Amino acid sequence: GAPKLGHAGCQPRHGQRGGFPWRCLRRASVFAAARTIAAWSGLTACNVSLQPRRFAALSGAAALGGLGNGVHRSQALEGSTVSLRQVIAENGLEDWKLKDYEAMRDDGPRTSRFEAAIKRRLKGREGQATVVDIGTGSFALLAVIAAKAGAKKVFAIEKNPEAAKQAKETVQKEGLQDTIQVIEGDSTKVDLPEQVDLVVSELIGSIATQEGVEPIIRDAGQRFVKGGVVGGDGMCSRMIPARCQTLIAPVKYTEHRIMNFASKRGVMSRGKPEDGTLRPLRLRSKTRDLNFLAEPQVLEDFDYCNPGPKRAERQMTFSIPKEAANEAKDFSGFAMWTKVVVDDIDSIDVKTQKVTSHWAYVVALMAPEPVAIAAPGNIQLTASIDYACSPVRYTLDAVATV
């Protein structure tokens, strides 16, 4: 058989220049192939995710099995499979307007659970504890909650100039200007007058880490918290929320075959995709346009007290039951949504909450048209997340039985 990627037979010989050893790709996965090409071409990991079509041009679509957001079918001893790949990397998701802050404020399950957690954390420490609210928004919502719960001092950081101005006005109206200090700027670039006991924030996207929470929280844990944040097996007691997760499941999108019409209904993401990456769908949490084909799994689990490595990869197997045979004829891709573990008592799951969330389902359509897959059958998914890239890159490589 062909040597594996990374095998000595796939390394450049001494003095060899130019030319990539395409023979080594015969049995390689798309994801591994992309990384190997990057090593030969000098491209970064961000470029691997960012420009899948470039690799298709380098190798030929057949050699890489449809790396350029295509579909590749293969016949193996165990049956036929289809390979699909998409990359999500969107800019502009943090450009909030007043109506967006209103939607966050008016999201009952979100606001009430954050409020309850802050009150629990400050109980018994009234007049003593200091707090920082990162990304306070137009209404300085969490900062006001902390101040009313008895925080001695609250620093409310907001990088959006207009939102920071509105936050100052809100603090004045609430009569809390002696307790809350609004600081305009990027939290990773500003300094606090003093370190604090508690960090509160709501920087979570519909894909949990998509709005850049990872570097912000990593920095806050190192610079803002008294004594620093120490990770461990227990609940993160110096941060609210304690962690955020992205759940993922294969779906049929009922309007996939009429996308020319559906795209005019405002379902496309407002984010600006990087060149060569997917513009996903964003569907309200109570949509009826998704049929779930398997039980969800955890795509990412970001621990605020222990952020972990800058790059992560997960491999998942979704079992498609025979009961989903009709829907599996129109497999569209993967739906992703947020679950917030606020503290050891409360959590928020967008899919299971009873009222519409301000967070949405993010749907990655894996091909231009639905793909018929087997039921019963399996989908093997390799998902990689690169937090070191800006914007964050989410790469989905799926292999399904057909």
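Sequence positions, counted from 1, serve as the residue numbers for this chain. Since we're looking at a predicted model, the values are computed, not measured.
- For the pair P241/F114, a side-chain contact is recorded, criterion being any heavy-atom separation below 4.5 Å from C-beta on.
- Between L203 atom CG and I216 atom CD1 the span is 5.0 Å, to the nearest 0.5 Å.
- Side-chain N or O atoms of R284 include none that pairs as donor or acceptor with a backbone N or O of S357 at under 3.5 Å.
- In summary, the side chains of E313 and T382 do not present any donor paired with an acceptor at a separation below 3.5 Å, with no hydrogens or angles considered.
- Nearest heavy-atom pair across M366 and A398 is CE-CB, 4.3 Å.
- Of the possible polar contacts, none joining the R121 side chain to the I240 backbone as a donor-acceptor pair under 3.5 Å is found.
- With sequence neighbours excluded, the residues that form a side-chain hydrogen bond (donor to acceptor under 3.5 Å, both in side chains) with D349 are W337.
- Taken to the nearest 0.5 Å, the CG atom of L283 stands 5.5 Å off from the OH atom of Y253.
- A donor-acceptor pair is defined here as one N or O able to donate and one able to accept, closer than 3.5 Å; such a pair exists between the side chain of T277 and the backbone of E274.
- Residues satisfying the side-chain hydrogen bond (donor to acceptor under 3.5 Å, both in side chains) criterion with R288, sequence neighbours excluded, are absent altogether.
- Under the rule for a salt bridge (Lys or Arg N to Asp or Glu O under 4.0 Å), the partners of D191 that lie at least two apart in sequence or sit in another chain are R223.
- In this structure the side chain of V298 never reaches within 4.5 angstrom of the side chain of T246, judged on heavy atoms.
- With values rounded to the nearest 0.5 angstrom, I217 atom CD1 is found 4.0 Å from S201 atom OG.
- No donor-acceptor distance shorter than 3.5 angstrom exists from the side chain of S347 to the backbone of V341, with no hydrogens or angles considered.
- Figure legend: K351 and F292 shown as a cation-pi pair, the cationic atom lying under 6.0 angstrom from the six-membered ring centre and within 45 degrees of its axis.
- Side chains of S269 and R279: no donor on one and acceptor on the other come within 3.5 Å.
- With sequence neighbours excluded, no residue satisfies ring-ring contact (aromatic ring centres under 6.0 Å, His included) with W359.
- S319 places no side-chain N or O within 3.5 Å of a backbone atom of A294 that could act as its donor or acceptor partner.
- One N or O on the side chain of S112 and one on the backbone of G108 form a donor-acceptor pair closer than 3.5 Å.
- Nearest heavy-atom pair across A208 and C244 is CB-SG, 3.8 Å.
- Within the structure, salt bridge (charged side-chain N to carboxylate O under 4.0 Å, His left out) pairs that include any residue of residues 103-119 comprise R110-E202, E115-K119 (at least two apart or interchain).
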What do the steps show when you test L281 against M268 for side chain to side chain contact (heavy atoms under 4.5 Å, CB included), and what is the final call?
CA-CA 4 Å; L281 310 181; M268 306 306 296; 3.3 Å; yes

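- The line from CD of Q297 to CG of L381 is 8.5 Å long, rounded to the nearest 0.5 Å.
- Under a cut-off of 6.0 angstrom, the local environment of NZ in K226 is crowded, with over 12 non-hydrogen atoms contributed by other residues, nucleotides or ligands.
- Side-chain contact between I248 and F318: present, with at least one pair of heavy atoms (C-beta onward) separated by less than 4.5 Å.
- T317 is not listed as a side-chain neighbour of I379, based on a closest heavy-atom distance of 4.5 Å or more.
- Partners of S206 according to the side-chain hydrogen bond (donor to acceptor under 3.5 Å, both in side chains) rule, which considers only residues two or more places apart in sequence or in another chain, do not exist here.
- No donor-acceptor pair under 3.5 Å is formed between the side chain of R238 and the backbone N or O of V225.
- Scanning for ring-ring contact (aromatic ring centres under 6.0 Å, His included) contacts around F302 gives Y304, with sequence neighbours left out.
- Between E300 and T209, the side chains place a donor N or O and an acceptor N or O closer than 3.5 Å (distance only, hydrogens not considered).
- Although no hydrogens or angles enter the test, the distance criterion places no donor-acceptor pair under 3.5 Å between the side chain of R311 and the main chain of Y387.
- A salt bridge links R265 with E255; the closest basic N to acidic carboxylate O contact falls under 4.0 Å.
- Counting heavy atoms from C-beta outward, R85 and V399 have side chains that stay 4.5 Å or more apart.
- Side-chain contact check for F334 versus V363: every heavy-atom pair is 4.5 Å or farther apart.
- Listed by first and then second residue, the salt bridge (charged side-chain N to carboxylate O under 4.0 Å, His left out) pairs involving residues 143-167 are K148-E174 (not counting sequence neighbours).
- Formation of a donor-acceptor pair under 3.5 Å by the D346 side chain with backbone atoms of D343 is not found in this model.
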Output a table of donor-acceptor pairs, distance under 3.5 Å, between side-chain atoms of residues 126-140 and any protein atom two or more places apart or on a different chain; print 'none' if there are none.
unit_1	atom_1	unit_2	atom_2	d
E126	OE1	G124	N	2.9
E126	OE2	G124	N	3.4
T130	OG1	D197	N	3.3
T130	OG1	D197	OD2	3.1
D133	OD2	T136	OG1	2.7
D133	OD2	A143	N	3.2
S138	OG	Q166	OE1	2.5

Side chain to side chain contact (heavy atoms under 4.5 Å, CB included) evaluation trace for K99 with E102:
CA-CA 5 Å; K99 63 181 180 63; E102 290 173 340; 4.2 Å; yes

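- Rounding to the nearest 0.5 Å gives a distance of 11.0 Å between CE of M104 and CG of L142.
- Distance alone, capped at 3.5 Å, is enough to place a donor-acceptor pair between the H256 side chain and the A367 backbone.
- Residues forming a side chain to side chain contact (heavy atoms under 4.5 Å, CB included) with K173 (at least two apart in sequence, or on another chain): none.
- Note that CD of Q181 and NZ of K168 are 9.0 Å apart. Values are rounded to the nearest 0.5 Å.
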Any chance you could lay out the side chain to side chain contact (heavy atoms under 4.5 Å, CB included) test for L290 and T254, step after step, and finish with the verdict?
CA-CA 6 Å; L290 293 178; T254 59; over 6 Å; no

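- Here the closest non-hydrogen pair linking L198 and S237 is CD1-O, 4.1 Å.
- For S390, the side-chain hydrogen bond (donor to acceptor under 3.5 Å, both in side chains) test picks out no residue, with sequence neighbours left out.
- The existence of a salt bridge linking K310 and E214 is confirmed by a sub-4.0 Å separation between a basic side-chain nitrogen and an acidic carboxylate oxygen.
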How far apart are the C-alpha atoms of Q380 and T81, what are their side-chain angles, what is the distance that settles it, and do they pass the side chain to side chain contact (heavy atoms under 4.5 Å, CB included) test?
CA-CA 10 Å; Q380 305 287 340; T81 62; over 6 Å; no

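- Side-chain contact between R314 and L299: absent, with no pair of heavy atoms (C-beta onward) separated by less than 4.5 Å.
- The shortest non-hydrogen separation linking K354 to K286 is O-CE, 3.4 Å.
- In this structure, the salt bridge (Lys or Arg N to Asp or Glu O under 4.0 Å) partners of D301, at least two apart in sequence or on a different chain, are R243.
- Side-chain contact, E90 with Q210: a donor N or O sits under 3.5 Å from an acceptor N or O.
- Side-chain contact between I157 and L192 is present, with heavy atoms from C-beta onward closer than 4.5 Å.
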